[in-house]
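Written out below as structure tokens is the structure these notes cover.
These numbers come from the heavy atoms of this one structure, side chains and all, not from hydrogens, waters or symmetry mates. For reference, positions follow the sequence shown, starting with 1. Remember, it's 1-based here, ligands and their atoms both numbered in the order they're listed.
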Amino acid sequence: MPSVTVRAPAKVNLVLSVGPRRQDGFHELATVFHAISLYDEVVAEPDEQVSVTVEGVHSELVPTGDDNLAVRAAEILAAYAGVTTGARMHIRKGIPVAGGLAGGSADAAAALVACDELWGTGLGRAELSILAARVGSDVSFALMGGTALATGRGERLTPAMVGGTFHWVLAMADEGLGTPEVYAELDRIRGRRTVAAPAVAPDVLAALRSGEPEALGELLGNDLQPAAFALAPGLEATLEAGRALGALGAVVSGSGPTCAFLVHDSEHALDVAIGLAAAEVAADVARTIGPVPGARVVT
Ligand code: C5P
């Protein structure tokens, strides 16, 4: 069997409502995931063992042992399907590491699709999605792609209708944030206050259906933002710089530190990207569109 290459997208959270911390340490969420055109690629070849190598910006920060999410995904699939062989995987990172864009989850979703193809296990998307949720909260979505309302810890997905393509500018920071640290900071800020059940306003789903960025922009929001600001104080200035450049909405993506700016169209995206780069508020700037499909074989 020749190698299999799978591409999986990054995500931004259009809205992230964080409820109370659960007994298992996770937080109950209501969020809207939106897959964007920034990708990691996983190339898998048959081998005796499961292993991984990684290339790309800050790839040295990605673990290559059993704690690598692609390795975990491949091992969970092998155990589930009774596969006794392995896979040598190579990850090409296009998604910033520790950026709040679910790059590790994209790798896990890509690994599931790649190994399913490589090993001929032939599981359907529904079965792969159940395995995905065992690897991490965002992995099922990286498999599904598009735009989806998510509840639970982020693994219970309902596809959302979207009436068009949205244009985004991303501002990347040079140092990542750890997701567990950001959630812990939120708990610290909230202290003993009672936390309401998480919810996504119906207006958000209506704005998505309309396909109008002007309607969606003002509804973007993220409960993790105060915690991300506390750990990475420069982020408020980055969001402000994007707003000053006319972005329709500005939000920290997931646990950060990447900031996502919704813009009118591709021309506006170029203006905002150039403006952010000139303002020197970001280590790197990227233009993307969404929604895009989830993890797919590309060879
Ligand atoms: O599921 P995943 O491995 O992506 O989660 C990483 C960490 O993020 C968890 O260990 C937890 O600290 C935090 N988290 C959370 N509630 C969620 C999702 C993630 O507290 N719903």
For Glu28, is there an ion pair with Arg22 - N to carboxylate O distance below 4.0 angstrom?
yes

With Tyr39 via ring pair (Phe, Tyr, Trp, His ring centres under 6.0 Å) - residues at least two apart:
none

Sorted by chain and residue number, the residues with a non-hydrogen atom under 4.0 Å of ligand 1 are Gly25, Phe26, His27, Leu29, Gly136, Ser137, Arg153, Thr179, Pro180, Tyr183

Report the distance from atom OG1 of Thr64 to atom CE of Met89, rounding to the nearest 0.5 Å.
11.0 Å

Does the side chain of His264 pick up a donor-acceptor pair with the side chain of Glu214 at under 3.5 Å?
yes

Using only atom types and a distance under 3.5 Å, with no angle test, would you say the side chain of Asp40 pairs donor to acceptor with the backbone of Ala106?
no

May I ask you to decide whether Lys93 forms a salt bridge with Asp107, counting only side-chain N to carboxylate O separations under 4.0 Å?
yes

